[in-house]
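Right, one structure below, let's go through it.
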Protein chains: 2
Amino acid sequence: MTGDTQHPIDPASSTGTGTAVTRKGSKTRTLILRTAMTQFGEQGYRGASLRDIAARCRISHPGLLYHFPNKEALLLAVLAHRDAVDRAEHSIADDAGLDVFRRFVRSAAVNQGRRGIVELFVVVSAESTSVEHPAHQFFQLRYARIVDEVTQAYTVAQAAGETVDGLEPRVAAQQFIALMDGLQIQWLLDTTAVDMPSVLRSHIESTLTATL
Amino acid sequence: MTGDTQHPIDPASSTGTGTAVTRKGSKTRTLILRTAMTQFGEQGYRGASLRDIAARCRISHPGLLYHFPNKEALLLAVLAHRDAVDRAEHSIADDAGLDVFRRFVRSAAVNQGRRGIVELFVVVSAESTSVEHPAHQFFQLRYARIVDEVTQAYTVAQAAGETVDGLEPRVAAQQFIALMDGLQIQWLLDTTAVDMPSVLRSHIESTLTATL
DNA sequence: CCTACCGATCGGTAGG
DNA sequence: CCTACCGATCGGTAGG
């Protein structure tokens with residue numbers, strides 16, 4: 001956000017980690033990312049069109065391609081942007097033991113107010129199971145990372161004597177992540193059917209001897 | 001499968017529940033359904049094309065549209081066909097209490113040998129959370145039905161004193177279905193990472209006092 | 001950021 | 001079931 005110049009320095013090369021360069025370019029870029037998030041979530045990667053996303057941002061679709069080199073880069077930028085925003089919101093510092101679980105429950109509560117984000121991850125992660133999908137590697141790495149994180153949290157809790165007897169940290173972590181994902185589908189299909197954070201909390205507490 | 005005539009009687013009007021009419025037409029129809037299942041699973045509803053599905057069946061795409069009136073009807077026929085086949089495989093008769101859980105575990109074991117089926121339901125159910133998706137109502141009804149079924153199973157088990165203390169049948173059912181769905185995503189992303197039936201069984205047993 | 005344009009592909013219909 | 005065709009839409013590029 002610093003060192004602005006009137007003309008952007010190759011903004012097309014930034015696929016998500018790069019910071020936008022002009023004030024206006026930065027705002028447009030963010031608007032595109034937010035709009036694309038909604039469209040990818042509602043229509044899926046293939047179903048969403050650059051023209052539609054661009055029109056909602058009141059620019060032409062070649063205008064959009066001035067900010068992102070192609071559709072694939074746009075999707076990856078959207079996903080990276082979401083992760084970056086989430087990391088900023090739940091300052092990832094508090095990363096030990098039970099705090100990990102508290103963070104996931106808090107995140108579920110917040111996301112119940114942001115359907116678009118839930119849709120994005122549910123739809124695109126499902127699509128991404130196909131090997132040719134542009135986000136295939138992204139989600140493979142993401143799941144490996146998250147399962148490891150929760151496994152570590154269960155391992156710490158177990159060492160502190162806070163887990164139920166016979167708990168297997170890795171399997172418990174897989175179950176926890178699976179539960180999160182599955183609840184999101186049910187919630188999207190009927191937002192009144194499930195309260196995600198409370199179901200998550202009660203599941204976590206059934207695996208722990210401590211209260212969350 | 002009976003009463004064959006040389007010429008089909010309006011096969012285009014059957015969207016899944018209707019039986020095909022000619023011997024050859026029936027075989028082609030089944031081939032289309034199987035091929036479409038794979039393509040809808042790998043590419044999603046919008047990503048899959050009638051031309052591609054037809055080509056894999058070695059017919060033209062208007063040829064495909066002779067069997068199914070349009071793309072939407074094809075998708076619904078695929079989903080209905082899968083449910084019908086599943087119902088036939090796991091004779092739905094044994095519908096009481098713990099047998100319901102045993103059936104889900106068995107189904108998970110079988111599906112680990114049939115990636116295409118898992119892909120179909122993971123991808124299309126995620127897409128279907130969008131209100132305009134052609135399978136939106138199908139999955140809304142499907143989830144309501146399945147959650148009810150498992151709720152009933154837990155209720156029966158609870159009345160028999162076979163559930164852990166404080167179990168809430170409906171919440172437990174939502175958790176169980178969510179777990180199934182979430183495990184499928186992790187399994188599709190890395191088939192070596194999770195053994196779905198064993199994780200399901202261990203979860204079920206953690207909610208019961210009886211052994212499955 | 002824009003207009004103009006490209007080739008490719010889409011679902012569906014006409015008419016046999 | 002087929003060929004031929006329709007209008008619509010797609011991602012991306014040329015050239016400013």
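Note: hydrogens, waters and symmetry copies are ignored here, and every other heavy atom, side chains too, is used. What you see is a predicted model, and the numbers here were worked out from it, not measured in a lab. Lettering follows sequence order; numbering is per chain, from 1.
- Ring geometry for A:Phe121 against A:Phe139 counts as perpendicular: the plane angle is over 60°, on a 0 to 90° scale with 30° as the lower cut.
- The two residues A:Leu212 and A:Glu205 make their nearest non-hydrogen contact at N-OE2, 3.2 Å.
- Going from atom CD1 of B:Ile53 over to atom P of C:dG12 covers 11 Å, rounded to whole Å.
- B:Leu31 has its CG atom 14 Å from the C1' atom of D:dC1, to the nearest Å.
- A:Ile32 places a side-chain heavy atom less than 4.5 Å from the side chain of A:Ile59.
- We find that NE2 of A:His61 is positioned 11 Å from C1' of C:dA4, with the value rounded to whole Å.
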Pairing annotation in dot-bracket form, given for DNA chain D with Watson-Crick or G-U pairs under 3.5 Å and | for cross-strand partners: ||||||||||||||||

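- In this structure a side-chain-to-backbone donor-acceptor pair under 3.5 Å is missing from A:Gln174 to B:Leu183.
- Rounded to whole Å, atom C1' of C:dC2 lies 12 Å from atom OH of A:Tyr66.
- At least one donor-acceptor pair under 3.5 Å links the side chain of B:His136 to the backbone N or O of B:Ser128.
- At a threshold of 4.0 Å, the pair A:Glu127-B:Arg46 does not count as salt-bridged, since none of the basic side-chain nitrogens sits closer than that to a carboxylate oxygen.
- Annotation: proximity of residues 33-48 of chain B to DNA chain D (heavy atom, distance under 4.0 Å) is found for no residue.
- Among the heavy atoms of the strands lying under 4.0 Å from A:Ser60 is at least one base atom, whether or not backbone atoms are also near.
- Of the candidates C:dG12, D:dC10, C:dC1, C:dG12 carries the atom nearest the B:Arg51 side chain, counting heavy atoms from C-beta on.
- Regarding B:Leu65, its CG atom lies at a distance of 19 Å from the P atom of D:dC5, rounded to whole Å.
- Among the nucleotides D:dG12, C:dC1, C:dG12, the one closest to the side chain of A:Ile59 is C:dC1.
- Note: CZ (A:Arg58) to P (C:dC2) measures 12 Å, nearest angstrom.
- Remark: side-chain polar atoms of A:Arg115 are paired, donor with acceptor, to backbone N or O of A:Leu188 under 3.5 angstrom.
- B:Ile32 places its CD1 atom 10 Å from the C1' atom of D:dC1, with the value rounded to the nearest Å.
- The existence of a salt bridge linking B:Arg145 and B:Asp148 is excluded, since no basic side-chain nitrogen approaches an acidic carboxylate oxygen closer than 4.0 Å.
- Using modelled atom types, one side-chain atom of B:Ser60 and one backbone atom of B:Gly63 make a donor-acceptor pair closer than 3.5 Å.
- We find that NZ of A:Lys71 is positioned 8 Å from C1' of D:dG11, with the value rounded to whole Å.
- At the phosphate of C:dT9, neither OP1 nor OP2 sits under 4.0 Å from any side-chain N or O atom of B:Ser49.
- With D:dG11, C:dC2, C:dG11 as the candidates, the nucleotide lying closest to the side chain of A:Pro62 is C:dC2.
- Closest to the B:Asn70 side chain, of the nucleotides D:dT13, C:dG12, C:dC1, is C:dG12.
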